[in-house]
Amino acid sequence: MKPYSTLQGTLERFTYVNEDTSYTIARFKIEGKRDLTTIIGNMISVNPGETLKLEGYWVNDKKYGEQFRVERYETVVPSSVVGIERYLGSGMIKGIGPVFAKRVVRQFGLDTLKIIDEESDRLQEVEGIGPLRLDMIRKAWDEQKEIRNVMLFVQGQGISSAYAVKIFKAYGNDAIAKLQENPYCLAMDVYGIGFKTADKIAENLGVDKKSPLRAEAGLIYTLQQVSDEGHTFYPQQELISRASELLEIDEPIIETAIETLKARNQIAAESGNTKELHLTSQAKAEEFPSIYLNTLHAAETGVARRLRMLLAPTLLPMSLDWEKAIPWLENRMGVTLAAKQVEALKKVFQSRITVITGGPGTGKTTLVRCIVMLLNQKGSRYMLAAPTGRAAKRLSEATHEEAKTIHRLLEYSPKDGEFKRNQKNPLPIEFLVVDEISMVDIMLMNNLLRALPPGTSLILVGDADQLPSVGPGNVLREIIESGRAEVVRLTEIFRQARESLIITSAHRINQGVFPDLQSLHKEGDFFFVEKEEPEEVLELMKRMCCERIPKGFGFNPLEDIQVLCPMNRGLLGTHNLNTELQRCLNPHGRELIRGGRNFRINDKVMQIRNNYDKDVFNGDIGNVVKIDLEEQEFTVQFEERRIIYDFNELDELVLAYAVSVHKAQGSEYPAVVIPVLTQHYVMLQRNLLYTAVTRGRKLVVVIGTKKALAIALKNDKIRKRYSHLRERLEA
């Protein structure tokens, strides 16, 4: 048994932080010791400048020498003038940044913290602190004291104090009482705190491992997990097995919990509908019910019901003389429409629901422009929408008409917590065109359909061969497979598009055929660079993004080049690549370190959850334009809008020099760089590679091995998503 030790000092800087595990390597200044000490361990939301009390033991690493392994830690109030100034200047107290910290400490010295706590009126003796700033500092200080109480409570349960701020923001002064009553509420109410953390608190509070409360919370968590994997429901027996394994309790306890949650209407269950569930026995269908989270059940049944309502026989709003309309369009646009495009146009105006699908270069955009021109010519009321800001902008540029994101189209109201456009207040339209429909999940589709008045014609445009939505469901594919909508597949690649190796390579990939692997020494827009070792690929990717592509092709490395990764973890995952690319693309400037993550002015960042209050959504990419330590505000430019984040909201953002292929759906970039190695084996799928390549508009560079490419091309099995939308539409 290693001897246990306690250290106190100041966190100086981070050497390494793993965002998935919070494993941290940092340099630490021990009080009374000249040299810095290396500390290692899982540490969340600690920041340089903080005074910490560490508990753990010393280890001797063969490569790095003596290190202190942290088992437990807590923030303590600094006792030196320098420490106090650094503590206040780090942005811990809203209203006091580096400038005011220096002034306040110069005025009050070692009594600074006592003055703030007990005689805060005296802060007005400091130049620049008036009544408004004083009020801000008082509120922030009082909040910090309450947060410290929560911090002490969660630390007493063996949980990192870093969660204290989030818990306090969620529950206020009732936080401790709330946790004592039901610690599992954390997993539902506080973003970033999962079931496992809540379960640990519950265990320390004496909640029985086999208690109904734990089984019910674990079931809800398991259903949330499977929805994150794309499923709208999960077969009951598979759910029971999975939850039993997670919770390490017997299956009968889980079965009882299911019945309890059903009785409380917290989950929904349906018998039958077992098509494609691959049952392992000849059991009756009713023995294998489908279990849903209530929200997903309502969404799936709502989508099916509303699509069937749209398909109900009614008079179509217009008729067209196609012998005149087609020549008129071709003359106005200066093109000759292909037979499939003409077929699609006729179906749009003769049907209630039309799906137009096809790969790049097959004329989808031209077709949408034709639809819009005809709608304008006839004076029809219509709207254009897409799932993301970038996709909506592209749609607007292509049609020269306004296009909105679906969220903005539906007019979300932060005050009411819901969309203003719904069945009671529908959109004033006869036609709705939705681009990039493959990205739309079952929840968003339900909200969209709720806002359509009876008799609306719905035109869904997208590429059915791309990855399905990040959220649950497989809306586009199931609408197509149901046979209820009119579907036009565009397959002809037009002459101009055939000149692009990006487009021809994408179609070859989609057919499982090796693309033409040109080297960078040739002319073209699609290149393959063969490298075997991950370390070599990493170094080449950095050179490509920071030097070779900007110099050789004239692209702005921060704005035009996007790295797309099959995975988030590993040497060539998004986490590590973002750290490496930040070092070479944006190494200097004002920065903010929170939770081991380092944000700098000009960094490219991505929103990773829907925030309806701020009107920014999962996958939106922007640039950091301001970091205000005194106001504790962080400003990001998204397209034409600036969004302000409080420091405690920064877990909604990640660096975006490299993003996953899933997150890049609906976006296009001038230049794309894609690592493809066998270490990505679990994610090497044909539709993933196809989606990645089709994100590049002017240049695509694939770096890796032919073996990895072959694996991806061969793997055309689309991962099964449990959903009953198709069956509901077929019924």
Side-chain angles (χ1 to χ4, degrees), residues 227 230-233 268 270 273 290 292-317 347-357 380-387 404-413 418-462 464 468-469 471-487 721-731:
S227 73
H231 305 294
T232 59
F233 74 88
E270 286 190 2
N273 287 329
S290 307
Y292 291 80
L293 289 170
N294 266 355
T295 51
L296 291 178
H297 185 261
E300 187 178 276
T301 55
V303 167
R305 182 173 65 255
R306 292 182 175 92
L307 286 174
R308 288 200 304 269
M309 287 170 59
L310 286 181
L311 290 164
T314 56
L315 290 175
L316 291 167
K347 285 186 175 180
V348 163
F349 291 96
Q350 295 167 359
S351 313
R352 281 293 174 216
I353 304 175
T354 308
V355 175
I356 301 168
T357 183
S380 299
R381 291 175 293 121
Y382 69 90
M383 287 182 174
L384 308 175
K404 297 181 179 180
T405 65
I406 295 173
H407 294 93
R408 293 190 186 117
L409 184 81
L410 299 179
E411 300 174 23
Y412 182 79
S413 169
E418 59 186 24
F419 293 110
K420 289 182 180 179
R421 293 292 181 180
N422 50 42
Q423 62 267 39
K424 295 180 181 178
N425 181 30
L427 295 164
I429 56 173
E430 299 165 283
F431 289 83
L432 177 65
V433 180
V434 185
D435 199 9
E436 296 287 358
I437 186 64
S438 63
M439 294 182 63
V440 177
D441 64 25
I442 196 74
M443 296 290 290
L444 187 57
M445 190 67 176
N446 186 45
N447 282 310
L448 180 63
L449 294 175
R450 289 176 67 213
L452 298 187
T456 303
S457 291
L458 183 62
I459 302 104
L460 306 175
V461 184
S469 59
N474 205 350
V475 173
L476 174 58
R477 187 172 290 275
E478 292 197 82
I479 289 174
I480 292 173
E481 290 176 352
S482 73
R484 296 300 304 274
E486 292 289 347
V487 179
R721 289 187 168 196
Y722 288 126
S723 166
H724 287 318
L725 178 61
R726 190 189 73 190
E727 290 93 328
R728 294 183 197 280
L729 290 173
E730 291 172 342

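In terms of modelled atom types and a separation under 3.5 Å, the side chain of R421 and the main chain of A451 share no donor-acceptor contact. R477 contributes a side-chain N or O that, together with a main-chain N or O of A464, makes up a donor-acceptor pair within less than 3.5 Å.
Rounding to the nearest 0.5 Å gives a distance of 10.5 Å between CG of L410 and CG of N425. Taking NE2 from H724 and CD from E730, the interatomic distance works out to 12.0 Å, rounded to the nearest 0.5 Å. With rounding to the nearest 0.5 Å, the separation of CZ in R726 from OG in S482 is 8.5 Å. Atoms OH and CG, from Y382 and L432 in turn, are 12.0 Å apart once rounded to the nearest 0.5 Å. Here the CD1 atom belonging to I442 is positioned 11.5 Å from the NE2 atom belonging to H297, to the nearest 0.5 angstrom. Separating the CD atom in E478 from the CG atom in L729 is a distance of 8.0 Å, to the nearest 0.5 Å.
Using the six-membered ring where Trp is involved, Y412 and F419 have ring planes that are perpendicular, over 60° apart on the 30 and 60° scheme.
Between L409 and L448, the closest heavy-atom pair is CD2-CD1, 3.9 Å. The heavy-atom pair separating S413 from K420 by the smallest distance is CB-CE, 3.8 Å. Closest of all the heavy-atom pairs between N474 and R721 is CB-CD, 4.5 Å. Considering every non-hydrogen atom in both S723 and F233, the closest pair reads N-CE2, 3.2 Å. In terms of heavy atoms, P472 sits closest to L296 at CG-CD2, 3.6 Å. Minimum interatomic distance between S457 and R352 (heavy atoms only, all atoms of both residues): OG-NH1, 3.0 Å.
Enclosure of atom CE in M383 by more than 12 non-hydrogen atoms of other residues, nucleotides or ligands within 6.0 angstrom is indicated.
Every pair passing side chain to side chain donor-acceptor pair (under 3.5 Å) that includes a residue from residues 438-454 is listed here, sequence neighbours excluded: R306-N446, Q423-R450, N447-R450. For residues 292-303, the pairs satisfying salt bridge (Lys or Arg N to Asp or Glu O under 4.0 Å) are E300-R728, with sequence neighbours left out.
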Exercise for the section: Any chance you could lay out the side chain to side chain contact (heavy atoms under 4.5 Å, CB included) test for L449 and V303, step after step, and finish with the verdict? Expected result: CA-CA 7 Å; L449 294 175; V303 167; 3.9 Å; yes
Is there a side chain to side chain contact (heavy atoms under 4.5 Å, CB included) between I356 and V348? Walk through the geometry before answering.
CA-CA 9 Å; I356 301 168; V348 163; 4.2 Å; yes
Apply side chain to side chain contact (heavy atoms under 4.5 Å, CB included) to residues V475 and L444 and explain how you reach the verdict. CA-CA 10 Å; V475 173; L444 187 57; over 6 Å; no
Notebook entry, point to check: Going through the checks in order, is the side chain to side chain contact (heavy atoms under 4.5 Å, CB included) test met by I437 and M445?
Noted result: CA-CA 9 Å; I437 186 64; M445 190 67 176; 4.3 Å; yes
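If you look at Y722 and Y292, their ring centroids are not closer than 6.0 Å.
Qualifying salt bridge (charged side-chain N to carboxylate O under 4.0 Å, His left out) partners for K404, counting only residues two or more places apart in sequence or in other chains: none.
The closest side-chain heavy-atom distance from I429 to L452 is below 4.5 Å. Within the 4.5 Å cutoff, the side chain of L725 has no heavy atoms near those of the T232 side chain.
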